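So the structure is just underneath, and the comments pick up after that.
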2 protein chains.
Amino acid sequence: MKGIKKRSDCPISGTLDVFGDKWSFLIIRDLLFRKECTYGDFLKSAEGIATNILASRLVTLEENKIIEKLEHPTSKAKVLYKLTKKGIDLLPILIEIHLWFDKYGTTPEEIREMLELVRKDKAGFIENFTKNLES
Amino acid sequence: MKGIKKRSDCPISGTLDVFGDKWSFLIIRDLLFRKECTYGDFLKSAEGIATNILASRLVTLEENKIIEKLEHPTSKAKVLYKLTKKGIDLLPILIEIHLWFDKYGTTPEEIREMLELVRKDKAGFIENFTKNLES
DNA sequence: TAAATTTGCTTGCATTTTGCAAGTACAAAT
DNA sequence: ATTTGTACTTGCAAAATGCAAGCAAATTTA
């Protein structure tokens, strides 16, 4: 599965060329909330991604420098995935999706607590969250 | 194409259940930038959506109250599509996608001009843009 | 006013992507 | 030494996508 074909110069189109499917952004969500995930961690997520799809999405995200692979500190059998800076910088998009959803849908309580912080000081929230992920 | 199956309670997942494909958000982009579009207008967009896909996406977006149909003021042969408030409120997501893309990709000049306004006063930009679309 | 064109779709079919179930190779635990 | 865990790959069926053609109603043109 090689280079993605660009449909136009439009930034929205270009972004969808990479993330425009039902799974990629869930992988990013997992990594934003959990910082580092193994292959098995992704498989355990509530939505139930198929293993072949997961593998192909991880490749695409890595090709596009959104995520990177790391050695697991204690086990050679495991692989750690984490976001690059480019990936971490998707946080504001994720936040706006959450805010929009909260306005028109039903947000789980735990997340709604996070959104209160966001509403109090969005820039500060993003800065802190980002710092934590970068470290 | 009937009701969409919800994969989990996660807001990201729920949003992707509706928009998680390569085309839906381009339709919304068109409507944000052009305010009202006919079926033919969407077909003319640079990315070249297939007519059957367009028709099915318009149905889904309408079912989900993101867009609505309007009578064309001068022609019964034409149909006007426009965003609902719920659809207009996707603007902040679109903006963050643009800002992210601009950081890591190449944004067309015309759009970059818009982004300067956004960076000067994001809240004001959104307010004005929204007001214009609502009227 | 009859014929041609425009408009918003639908239909049929080939290609591509997805999803499910198994299988594999290597690491690690028992 | 054997079983289990982990990260995948493979094969195949089902679903989604893409392309081309078709169609009915509205509109324009002759």
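Below, read A as the first sequence line, B as the second, and so on, with proteins coming before strands; counting in each chain starts at 1. Since we're looking at a predicted model, the values are computed, not measured.
Taking every side-chain heavy atom of B:Asp21 into account, D:dT17 is the closest of C:dA22, D:dT6, D:dT17. Among D:dA26, C:dG8, C:dC20, the nucleotide with an atom closest to any side-chain atom of A:Ala50 is C:dC20. Among C:dC9, D:dC8, C:dG19, the nucleotide with an atom closest to any side-chain atom of B:Val79 is C:dC9. Between D:dC8, D:dG18, C:dC9, one nucleotide has an atom nearer to the side chain of A:Tyr39 than all others, and that is D:dC8. Side chain of A:Ala77, nearest nucleotide from D:dG18, C:dA28, D:dA7: C:dA28. Side-chain proximity of B:Lys76 to the nucleotides C:dC9, D:dT17, D:dT27 is greatest for D:dT27. Of the candidate nucleotides C:dT18, D:dA7, C:dT11, C:dT11 has the atom nearest to the side chain of B:Asn52.
Ion pairing between A:Asp17 and A:Arg7 holds under the 4.0 Å rule for side-chain N and carboxylate O.
Using a 4.0 Å heavy-atom criterion, one finds that A:Tyr81 contacts the sugar-phosphate atoms exclusively.
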Test side-chain contact (heavy atoms from CB on, under 4.5 Å) applied to B:Lys82 and B:Ile67, step by step: CA-CA 5 Å; B:Lys82 68 173 297 198; B:Ile67 64 172; over 6 Å; no
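The CG-P distance, from A:Leu80 to D:dA7, rounds to 9 Å in whole Å.
For the residue pair B:Phe19 and B:Leu61, the shortest heavy atom distance occurs at CE2-CD2, 3.7 Å.
With contacts defined as side-chain heavy-atom distances shorter than 4.5 Å, the pair A:Ser13/B:Lys22 does not qualify.
Position along DNA chain C of the nearest nucleotide to A:Ile53 versus A:Lys78 favours A:Ile53 as the more 5'-ward residue.
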